[in-house]
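Below is one structure, written out as structure tokens; comments come after it.
Keep in mind that what you see is a predicted model, and the values were worked out from it rather than measured. Only this structure's heavy atoms are used, side chains among them; waters, hydrogens and symmetry mates stay out.
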Amino acid sequence: FSALALLAQAAVGEIVYVGSTACDGDDWGSGCKDRPEAQRVVGALRVERGGAMSPLRDLAADVGSLPVWFAEEGGCLFITRADKDDVLAVAYDADGKIAAPGSSLPAGGRTPVHASVV
């Protein structure tokens, strides 16, 4: 999958969560093909010293819709899902495992693409 959003600035050995992207804009001319089943997945990567990244496939979680932006606070991920116009809250454990499906609330607008925790 291709990375769309990183949860946070990555430090050495940090786990970051990513959403997979859909085809848009100039992608259509390149033969890009949407894969809806893959687009519902939040993936995880470990960022190592020097910036090398490795996928953590056992931490991937299907969140039921297109995850486009992430915010994090105290062991919870808040994920905007643009095609559902909502924000999904999910917990994750000390190992980084997401406890899907979580719960969601309407975003209060259409196609939310940004979130922050205040």
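- The shortest side-chain heavy-atom distance between I79 and Y17 does not fall under the 4.5 Å cut-off.
- The salt bridge (charged side-chain N to carboxylate O under 4.0 Å, His left out) pairs that include a residue from residues 77-95 are R81-D86, where partners are two or more places apart or lie in different chains.
- Side chains of E72 and Y92: a donor-acceptor N/O pair is present below 3.5 angstrom, by distance only.
- Applying the side chain to side chain contact (heavy atoms under 4.5 Å, CB included) criterion to A60, with sequence neighbours excluded, gives V41.
- Partners of R40 by side-chain hydrogen bond (donor to acceptor under 3.5 Å, both in side chains), not counting sequence neighbours, listed by chain and number: D62.
- G96 approaches I15 most closely through the heavy-atom pair CA-CD1, 4.4 Å.
- Heavy-atom minimum distance, L88 versus G102: CD1-C, 4.0 Å.
- The minimum heavy-atom distance linking V87 with A107 is given by the pair CG2-CB, 4.2 Å.
- Under a 3.5 Å cut-off, the side chain of K97 and the backbone N or O of A61 do not form any donor-acceptor pair.
- Atom-to-atom distance recorded for R46:CZ and M53:CE is 13.5 Å, nearest 0.5 angstrom.
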